[in-house]
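Since the structure comes first, as structure tokens, the remarks are kept for the end.
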Amino acid sequence: MERVRVRFAPSPTGFAHIGNMRNAVFDWLLAKHAGGEFILRIEDTDRARYVEGALEEIFEALRWLETPYDEGPVQGGPFGPYFQSERLDIYAKYAKQLVEQGDAYYCFCTSERLAEMRKGQEARKEPTGYDRTCLKLSPEEVEANLAAGVPAVIRFKVPYKGETAFCDLVRGEITFRNELLDDFVIIKSDGYPTYHFASIVDDHLMQITHVIRSEEWISSTPKHMLMYAALGWNPPKWVHPPLILGQDGSKLSKRHGAVRFLDYKEKGYLPETMMNFIALLGWSPGEDRELFTTEELIERFSIDGIVNHPVKFDLSKLDWMNGVYMRQADLGRITELCLPYLTEAGLIPENPSPEELSYAKAVIALVQDRMKVLSEAPELTEFFFREDCRYDEKGMKKWLSRDYVLELLRNLAGRIEASAEFTIESLEEAVRMAGEDMDAHGGQVIHPVRMAVTCRTAGPGLFETMEVLGRARVIQRLNRAIGILSESRDD
RNA sequence: GGCGCCAUGGUCUAACGGUUAGGACACGGCUCUUUCAAGGCCGCGGCGGGGGUUCAACUCCCCCUGGCGCUACCA
């Protein structure tokens with residue numbers, strides 16, 4: 001049994017997106033499951049589309065997901081370099097071999113000519129494809145052009161006869177007629193290889209056993225098969241997981257928003273959520289279950305479970321799942337993760353004191369169960385930090401406008417000030433007693449007090465909230481409300 | 001247009017010829033409860049259409065329809 005070697009081969013042409021990372025997760029899970037290697041290879045062959053910072057995104061995304069690679073940039077490995085831009089001589093060597101064998105040839109057609117050719121073909125409703133003009137060039141003409149420095153590409157000479165079949169481990173055998181292919185470029189005029197060529201050369205040299213890449217690559221696989229055959233190499237196993245679709249059913253892309261993988265980190269999703277959720281994006285363990293630890297995913301992952309149809313990205317399910325992991329997570333960790341959001345919102349200072357930290361932790365403890373994502377923290381906890389929180393208008397009208405409320409709050413403030421204790425129990429008792437004095441009960445008491453103390457109608461348990469707020473803040477809030485109410489009564 | 005892939009509720013998925021078609025999210029209701037969540041319970045809702053094959057089709061085959069992808073000196 002050969003050792004499983006899989007590679008994640010992103011291009012630094014933009015941010016790492018959900019689709020990339022889904023493939024990375026499949027790669028990683030398969031490698032871990034099989035005890036094989038997970039390799040990172042950077043396919044930086046498109047100099048025009050190179051994006052500054054894209055590389056760092058990829059590294060950061062893998063780091064956040066905790067899917068370390070065994071070989072790749074930075075630490076290297078026995079099959080490096082792992083940047084395709086550093087392997088140009090390798091591609092040149094094999095391209096030359098193909099030319100010498102007669103399986104590839106130089107082409108000097110300008111992009112203008114190519115565009116014109118294509119236009120004509122379209123007008124005549126013919127299939128588009130290179131017309132092999134340069135294949136007719138004599139060796140002398142080719143030499144002369146090359147010597148004169150005429151810009152040239154190298155094209156692979158597709159055998160137009162017959163058909164090419166391959167086995168996709170997700171869908172079974174797939175066959176294409178060769179005549180539908182055209183002589184595609186393998187080396188561009190800038191000397192860089194195209195994806196098609198670089199990837200097959202590297203997959204072979206790096207001894208990749210399984211190529212996992214999205215469904216969109218199925219149509220180009222025959223090209224790859226033809227090149228493997230021309231070079232006398234054994235192709236790897238092809239695995240094409242389904243495309244990930246946006247809510248509108250088209251291929252997930254920038255216009256759908258929220259496809260940048262690290263956006264999910266910034267919005268406050270937990271990495272364990274993303275691992276779990278993404279693993280299920282086109283793969284099913286076949287159980288009536290959807291929550292899995294990473295270890296369980298590794299144990300269960302298999303190519304058999306990869307589904308063969310496109311899947312839509314369901315944000316509401318992601319939210320649900322993150323809520324589940326949020327509730328399970330350690331309070332200290334969640335607090336730590338919430339801090340940047342609280343700081344950003346100006347609720348706590350950049351470098352909080354130990355007291356501020358433990359206050360924050362007590363606050364988060366009350367909302368941890370109610371959070372779907374970390375970024376909700378400021379909104380959920382604002383009133384714990386701001387003395388002058390804004391009263392919810394509807395709630396104000398509903399609960400603070402009643403006649404007995406002013407007296408109720410005065411009564412309660414008095415009781416709390418007078419009491420030596422300040423605990424959940426003593427607070428509950430004080431609120432109940434104040435209510436009894438007003439002949440008000442249950443919600444008639446609780447709601448006005450909640451409004452006065454938190455400025456809003458919903459939140460964690462009232463007595464826990466008051467306890468965390470502390471005596472000073474509670475009194476301050478009560479007095480604030482009392483002030484407003486007595487003023488409006490004077491009017 | 002050509003080629004290719006695909007098709008179970010709104011969404012994700014189970015079923016690998018014989019099930020009252022199962023589970024999850026979402027949605028609706030009830031419940032718990034000081035509110036909001038969470039939880040528990042209940043419910044809504046599906047095999048795209050047509051032909052075959054078979055004693056028996058969601059499952060196998062064909063056609064149609066529909067969706068998506070590819071069709072670059074981008075990946």
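Just so you know, these numbers use all the heavy atoms, side chains as well, and skip hydrogens, waters and symmetry mates. Bear in mind that the values here come from a model prediction, so they are computed numbers and not experimental data. Here is how names work: the chains are called A, B, and so on, in the same order as the sequence lines, proteins then strands, and each is numbered from 1.
Partners of A:Phe301 according to the ring-ring contact (aromatic ring centres under 6.0 Å, His included) rule, which considers only residues two or more places apart in sequence or in another chain, are A:Phe26, A:Trp283. For A:Phe261, the ring-ring contact (aromatic ring centres under 6.0 Å, His included) test picks out A:Trp64, with sequence neighbours left out. Residues forming a side chain to side chain donor-acceptor pair (under 3.5 Å) with A:Glu141 (at least two apart in sequence, or on another chain): A:Ser138. Looking at residues two or more places apart in sequence or on another chain, you find a side chain to side chain donor-acceptor pair (under 3.5 Å) between A:Asp202 and A:Gln84, A:Arg87, A:Tyr91. Judged as a salt bridge (charged side-chain N to carboxylate O under 4.0 Å, His left out), and not counting sequence neighbours, A:Glu163 has no contacts. Take A:Arg49 and apply the salt bridge (charged side-chain N to carboxylate O under 4.0 Å, His left out) test, not counting sequence neighbours, and it matches A:Asp46. Scored by the ring-ring contact (aromatic ring centres under 6.0 Å, His included) test, A:Phe277 finds A:Phe313 as partners (sequence neighbours excluded). The side chain to side chain donor-acceptor pair (under 3.5 Å) test applied to A:Glu382 returns A:Arg386, not counting sequence neighbours. Listed by chain and residue number, nothing satisfies the ring-ring contact (aromatic ring centres under 6.0 Å, His included) test with A:Phe384 (two or more places apart in sequence, or in another chain).
Nucleotides B:G22 and B:C47 are separated by 13 Å at their P atoms, to the nearest Å. Atom name P, nucleotides B:C60 and B:U8: the rounded distance is 13 Å, in whole Å. As rounded to the nearest Å, B:C32 and B:G40 have P atoms that lie 16 Å from one another. On the P atoms, B:U54 is 31 Å away from B:G46, given to the nearest whole Å. Spacing between B:G10 and B:C27 at atom P, rounded to whole Å, works out to 16 Å. Look at the C1' atom in both B:G9 and B:G45: the space between them is 5 Å, to the nearest Å. Here, B:U19 and B:A57 have their P atoms 11 Å apart, quoted to the whole Å. Using P as the reference atom, B:C6 and B:C44 are 34 Å apart when rounded to the nearest Å.
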Interface polar pairs with nucleotides 73-75 of chain B, N/O, under 3.5 angstrom:
{"from": "B:C73", "atom 1": "O2", "to": "A:Ser189", "atom 2": "N", "distance (Å)": "2.8"}
{"from": "B:C73", "atom 1": "O2", "to": "A:Ser189", "atom 2": "OG", "distance (Å)": "2.8"}
{"from": "B:C73", "atom 1": "N3", "to": "A:Ser189", "atom 2": "OG", "distance (Å)": "3.1"}
{"from": "B:C73", "atom 1": "N4", "to": "A:Cys109", "atom 2": "O", "distance (Å)": "3.3"}
{"from": "B:C74", "atom 1": "OP2", "to": "A:Lys188", "atom 2": "NZ", "distance (Å)": "3.1"}
{"from": "B:C74", "atom 1": "O2'", "to": "A:Asp46", "atom 2": "OD2", "distance (Å)": "2.5"}
{"from": "B:C74", "atom 1": "O2'", "to": "A:Arg49", "atom 2": "NE", "distance (Å)": "3.0"}
{"from": "B:C74", "atom 1": "O2'", "to": "A:Arg49", "atom 2": "NH2", "distance (Å)": "2.6"}
{"from": "B:C74", "atom 1": "O2", "to": "A:Arg49", "atom 2": "NH2", "distance (Å)": "3.3"}
{"from": "B:A75", "atom 1": "OP1", "to": "A:Thr45", "atom 2": "OG1", "distance (Å)": "2.9"}
{"from": "B:A75", "atom 1": "OP1", "to": "A:Lys188", "atom 2": "NZ", "distance (Å)": "2.6"}
{"from": "B:A75", "atom 1": "OP2", "to": "A:Tyr195", "atom 2": "N", "distance (Å)": "3.2"}
{"from": "B:A75", "atom 1": "O4'", "to": "A:Arg49", "atom 2": "NH2", "distance (Å)": "3.4"}
{"from": "B:A75", "atom 1": "O3'", "to": "A:Ser11", "atom 2": "OG", "distance (Å)": "2.4"}
{"from": "B:A75", "atom 1": "O2'", "to": "A:Ser11", "atom 2": "OG", "distance (Å)": "3.2"}

Can you give me the N/O atom pairs linking the protein to nucleotides 38-45 of chain B at distances under 3.5 Å, or say none if there are none?
{"from": "B:A38", "atom 1": "O3'", "to": "A:Arg327", "atom 2": "NH1", "distance (Å)": "3.4"}

Every protein N/O within reach of nucleotides 3-6 of chain B N/O, cut-off under 3.5 Å:
{"from": "B:C5", "atom 1": "O2'", "to": "A:Arg171", "atom 2": "NH1", "distance (Å)": "3.2"}
{"from": "B:C5", "atom 1": "O2'", "to": "A:Glu215", "atom 2": "OE2", "distance (Å)": "3.3"}
{"from": "B:C6", "atom 1": "O3'", "to": "A:Asn308", "atom 2": "OD1", "distance (Å)": "3.2"}

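With hydrogens and angles left out, the side-chain atoms of A:Asn322 and A:Tyr264 include no donor and acceptor closer than 3.5 Å.
Within the 4.0 angstrom heavy-atom criterion, only backbone atoms of the sugar-phosphate kind lie near A:Leu243; the bases stay farther away. Residue contacts shown for A:Gly461 include a base, since a base heavy atom lies under 4.0 Å away. Nucleic acid contact for A:Gly443: none, since no nucleic acid atom lies under 4.0 Å from a heavy atom of the residue. At the heavy-atom level, A:Val307 lies under 4.0 Å from the strands shown only through sugar-phosphate atoms. Among the heavy atoms of the strands, none lies under 4.0 Å from A:Lys125. Using a 4.0 Å heavy-atom criterion, one finds that A:Ser316 contacts the sugar-phosphate atoms exclusively.
If you take CD of A:Glu126 and C1' of B:U71, they are 15 Å apart, rounded to a whole angstrom. Rounded to an integer number of Å, the gap from A:Asp319 CG to B:A26 P is 9 Å.
Side-chain proximity of A:Lys312 to B:A72, B:C12, B:A14: nearest is B:C12.
The phosphate of B:A72 (OP1 or OP2) has a side-chain N or O of A:Thr128 nearer than 4.0 angstrom.
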Practice problem: Test A:Gln368 against A:Arg327 for side-chain contact (heavy atoms from CB on, under 4.5 Å), laying out the working first. | Solution: CA-CA 6 Å; A:Gln368 178 177 4; A:Arg327 275 170 247 130; 5.7 Å; no
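Nucleotide B:A7: paired with B:U65 (Watson-Crick or G-U wobble, both distances less than 3.5 Å).
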